[in-house]
Amino acid sequence: MESKIETVDVRGHILETAQVIISGKGFSAVGLNEILQASRVPKGSFYHYFRSKEAFGEELLKSYFTDYQASLEVRLLCPGLSGAERLMSYWESWLETQLACDPKGKCLAVKLAAEVSDLSEAMRVVLQQGTDRVIQRLAQAVEDGIADGSLSAHLDAKTTASTLYHLWLGASLRAKITRDREPMESAFEATKSLLGFSKS
């Protein structure tokens, strides 16, 4: 039992350490040696948990989306707020974390989508599945807002969630190019307009 716990801890430590580095530099630019040095594990240990760098990338994305889904759930179930307010809280958080200098909070889907989708079919599939689940949860949040009356009953939940997620992915990429807040702030204003919601 003890060895199993240690295995999970070491594997998780490698993934957590590498996520910060890769969120800042990208997948291809980070070599195995950099991951090993940062996580302080020998090469043999790495290959004990991951058969290749690509397999490691798959597990990194799976781990990221598991954690992301959990944090998304907490934000979208925040008590005392309407469905619309919970949704806007999510987009506010996206705006601030993506503009922050700390790579730890960066969205790995934004960072790796264009890079690895053409490099690895397996990693592309994990990205698609992960983002699909995020959109599904956002659609449920839109439905919650419609149910409590804070969002218009005329909204189609699935289309709205997809449109907003695509909008924010695009804005995040554009912000990388411009290196300023304008694309994200434009996305935020467009989100309020689409939802028919603005903070007083």
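FYI, the numbering just counts along the sequence from 1.
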Colleague: Counting only heavy atoms from other residues, nucleotides and ligands, does the tally under 6.0 Å from NZ of Lys158 exceed 12?
Modeller: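 Result for NZ/Lys158: open.
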Colleague: For Glu85 and Ser89, run side-chain hydrogen bond (donor to acceptor under 3.5 Å, both in side chains): C-alpha distance rounded to whole Å, both residues' side-chain angles, the deciding distance at 0.1 Å, then the answer.
Modeller: CA-CA 6 Å; Glu85 289 170 330; Ser89 173; over 6 Å; no
Colleague: If you apply the rule side chain to side chain contact (heavy atoms under 4.5 Å, CB included), what do you find for Ile146 with Ser152, and how did you get there?
Modeller: CA-CA 6 Å; Ile146 293 171; Ser152 170; over 6 Å; no
Colleague: Given Tyr49 and Glu59, is the side chain to side chain contact (heavy atoms under 4.5 Å, CB included) satisfied, shown in steps?
Modeller: CA-CA 10 Å; Tyr49 305 115; Glu59 294 305 312; over 6 Å; no
Colleague: Do Leu164 and Leu138 have side-chain heavy atoms sitting under 4.5 Å apart?
Modeller: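 Sidechains of Leu138 and Leu164: no contact.
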Colleague: With rounding to the nearest 0.5 Å, note down the distance linking CD1 in Ile21 to CD in Gln37.
Modeller: 9.5 Å
Colleague: Check the pair Leu151 / Leu195 against side chain to side chain contact (heavy atoms under 4.5 Å, CB included), numbers first and verdict last.
Modeller: CA-CA 7 Å; Leu151 292 176; Leu195 294 177; 3.9 Å; yes
Colleague: If the plane angle is over 60° it's perpendicular, under 30° parallel, otherwise tilted; pick one for Tyr68 and Phe65.
Modeller: perpendicular
Colleague: After noting the C-alpha distance and the side-chain angles of Lys192 and Trp91, does the key distance pass the side chain to side chain contact (heavy atoms under 4.5 Å, CB included) rule?
Modeller: CA-CA 10 Å; Lys192 290 197 293 184; Trp91 304 119; over 6 Å; no
Colleague: Checking Glu92 against Arg75 for the salt bridge (charged side-chain N to carboxylate O under 4.0 Å, His left out) test, could you report, in this order, the C-alpha distance in whole Å, the side-chain angles of both residues, the deciding distance, and whether it holds?
Modeller: CA-CA 11 Å; Glu92 286 173 349; Arg75 186 168 292 279; over 6 Å; no
Colleague: Below 4.0 angstrom, N of the basic side chain to O of the carboxylate: do Lys25 and Glu34 qualify?
Modeller: yes
Colleague: Does a donor on one side chain and an acceptor on the other come within less than 3.5 Å for Gln140 and Asp144?
Modeller: yes
Colleague: So, using side-chain hydrogen bond (donor to acceptor under 3.5 Å, both in side chains) as the criterion, who are the partners of Ser172 when residues are at least two apart?
Modeller: Trp94
Colleague: Please report the interatomic distance CG(Leu194) to CG(Leu167), rounded to the nearest 0.5 Å.
Modeller: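 Going from the CG atom of Leu194 to the CG atom of Leu167 covers 8.5 Å.
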Colleague: For the residue pair Arg133 and Gln129, confirm or rule out a side-chain donor-acceptor distance under 3.5 Å.
Modeller: no
Colleague: Flag the pair Glu96 and Arg181 as a salt bridge only when some basic side-chain nitrogen lies within less than 4.0 angstrom of an acidic carboxylate oxygen.
Modeller: yes
Colleague: In this structure, is the centre-to-centre distance between the rings of Phe56 and Phe46 below 6.0 Å?
Modeller: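 When the ring centroids of Phe46 and Phe56 are compared, they turn out to be within the sub-6.0 Å range.
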